[in-house]
Participant: 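Here it is: the structure, laid out below.
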Amino acid sequence: MTLDPVELFLTAQQWLFEAVTQPLLFHAGFGNLLEDGYRATGWLLVGLLQIAVMLTLFRALERWRPVEPVTDRAAVRVDVLYTLIHRLGLFRVALFFSLGPLWDSLIGELRVAGLPTWSLDDAWPGITDHAVVSFVLYLLLFDLVDYWLHRAQHRFGWWWELHAVHHSQRQMTMWSDNRNHLLDDVLRDSVFVVVALLVGIPPAQFVAVVACTQLLESLSHANVRLSFGPVLGRLLVSPRFHRLHHTIGIGHESFGPGTMGGHNFAVLFPVWDMVFGSARFDDRYDPTGIRDQLAGRDYGRGFWAQQWRALLRLVAPRST
Ligand SMILES: [Zn+2]
Ligand SMILES: [Zn+2]
């Protein structure tokens, strides 16, 4: 019997597909979507595994040394809803049926334009085609894309109004990562899909890259006093590092000029903040949120209120 994690994952995916997805698809009259259903089952399994790690390890960390007491459980429950919608695949299924045809034609056009004709795996034969090396390269590459997407979310007024949904959580926990505007998610996912095509990442590697990124994102939002020390803390984004990004008046404004408003944008690797001059490794744990919330600005309590208010801010930035 093998204990290869990839084999184990594939076995579990097959089992889950046969036990749940396949009967559901046939029942709903979508027997023609079995291949897509199998892929979706992989994402569902990734989400279930992530939630299992969150409920055991991350929850234990949050109980061990919380930054602040959880006084607003209702606010956390909304973030749990965001997490379930995303990690259990509801968002992807909705995208598949709404934007799927659009993406397919975009992908078709990219292929007609001659892409991808190469893969990052082939860049340096003997080195970059080694599974671990290419995986780390893909992680770095997608993290660099994430870094600049995140800078853009803070740089452009209209994009900030969407991203403000994420920053308006004043009770930040491990559930807060997926608290985003749906339009914002569509934009980010679209960029990722196009980049994945351009660099020719194999689908299994792409799933692994997204899975690792999401898991560390959940940890970095956790309500826990935890930094990874002077060395590891500069290699991987810690809860302390990301909390500073969410800190009122600092994370998305600035300590000083020259950082285009904010600090600690990196998702996985602080190296991008270090290279582009936006890193802060201060040993502090402050309240999170947006400055104008202190003056009473309302970003919405429930899921729909948060989504709707962001659209209103887009139309009339100052009056809502
Ligand atoms: Zn941000
Ligand atoms: Zn965040």
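If you're wondering where the values come from, they're calculated on a predicted model, not measured in any experiment. First listed ligand is number 1; within each ligand, the first listed atom is number 1.
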Participant: Of all N, O or S atoms in H246, which has the smallest distance to the Zn ion (ligand 2)?
Facilitator: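 The closest N, O or S atom of H246 to the Zn ion (ligand 2) is NE2.
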
Participant: Which atom, among the N/O/S set of H154, is closest to the Zn ion (ligand 1)?
Facilitator: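 Looking at H154, the N, O or S atom with the least distance to the Zn ion (ligand 1) is NE2.
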
Participant: Are a donor atom and an acceptor atom from the side chains of S238 and R243 found within less than 3.5 Å of each other?
Facilitator: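 No - no donor-acceptor pair under 3.5 Å links their side chains.
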
Participant: Only N/O/S atoms count here: what is the atom of H242 closest to the Zn ion (ligand 2) called?
Facilitator: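 Result for H242 and the Zn ion (ligand 2): NE2.
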
Participant: Run the numbers on R225 and D283 for salt bridge (charged side-chain N to carboxylate O under 4.0 Å, His left out), then give the verdict.
Facilitator: CA-CA 10 Å; R225 279 176 195 276; D283 185 16; over 6 Å; no

Participant: Could you grab the angle centred on the Zn ion (ligand 1), going from NE2 in H163 to NE2 in H245, to 10°?
Facilitator: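 Reported to 10°, the angle equals 170°.
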
Participant: Using 4.0 Å as the upper bound for N to carboxylate O, is an ion pair formed by D72 and R301?
Facilitator: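 Yes, R301 and D72 are salt-bridged.
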
Participant: Do the side-chain N and O atoms of Q214 and D177 include a donor-acceptor pair separated by under 3.5 angstrom?
Facilitator: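 Their side chains do not contain a donor-acceptor pair, so the 3.5 Å distance test is not met.
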
Participant: In terms of side-chain geometry, is the basic nitrogen of R188 or D146 positioned less than 4.0 Å from the acidic oxygen of its partner?
Facilitator: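 Counted as a salt bridge, because a side-chain N and a carboxylate O are separated by less than 4.0 Å.
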
Participant: Provide the atom name of the closest N, O or S atom of H167 relative to the Zn ion (ligand 1).
Facilitator: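 Closest to the Zn ion (ligand 1) among those atoms: NE2.
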
